[in-house]
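Report on the following structure.
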Amino acid sequence: MTKTLVSHVGIAVRDLESAIKSYAVLSGLQNPAIENIKSEKVKVALFSSGGGRIELLAATSEDSPIARFINNRGEGLHHICIYVDDIESKLSELKKAGIKVIDETYRLGAEGKKIAFVHPQNLNGVLIELEER
Ligand code: CO
C-alpha cells in the first residue's frame, strides 16, 4: 500500500476567523479542528478530509514565528508537512546528507504529534515540517 507523503500544508493568516470562512467555502468542510499551541504562540485551524490537510496558522502574540513571517513576507504558504516513519532517524539522515535542520530533535506539535522543522536553505526555499506517522 502506498503511504500519503503530505500531511498538510501550513498557511500563515492574519485573521483566523475570516480565513476559516473562506477555506470552509473552498474545502466544503465546516468545522476545522481548532487548537491553541501555546509553546508556538500560534492558533491553528485544521481542515481535514482524509488525505492531505490544510492548516491555517495565526499568531497569538507579536513575537510568534507566524507574526514575524507575516511581517516579513505577508500572508501565504508557510510550510509543507511531510510524513516520516521515524522522525529521529530522518533528522540524522538529513544532517548526514548536508541538509540543514532547524530542530535537532523533535518537539510536540498539534494533536501531540512528534514534529520537527527542516531549514528551507537546502530545500529550494520551502520550509518543511516533518511529522511522525
Ligand atoms: Co504544520
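Side-chain atoms are counted along with the backbone in the values below, which use heavy atoms only and exclude waters and symmetry mates. Residue numbers count from 1 along this sequence. Whatever order the structure lists ligands and atoms in, that order sets their numbers, starting from 1.
A donor-acceptor distance shorter than 3.5 angstrom exists from the side chain of R68 to the backbone of D63, with no hydrogens or angles considered. Distance alone, capped at 3.5 Å, is enough to place a donor-acceptor pair between the D15 side chain and the S18 backbone. Side chain of T60 to backbone of K41: a donor-acceptor contact under 3.5 angstrom is found.
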*List the steps, then state whether salt bridge (charged side-chain N to carboxylate O under 4.0 Å, His left out) holds for D85 with K3.*
CA-CA 10 Å; D85 289 326; K3 293 175 178 171; 3.0 Å; yes
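Of all protein atoms, those of element N, O or S that lie under 2.8 Å from the Co ion (ligand 1) number 4.
Residues that satisfy the salt bridge (charged side-chain N to carboxylate O under 4.0 Å, His left out) test with E131, not counting sequence neighbours, are R53, K113.
Classification of E132 and K90 as a salt-bridged pair fails, no side-chain N sitting under 4.0 Å from a carboxylate O.
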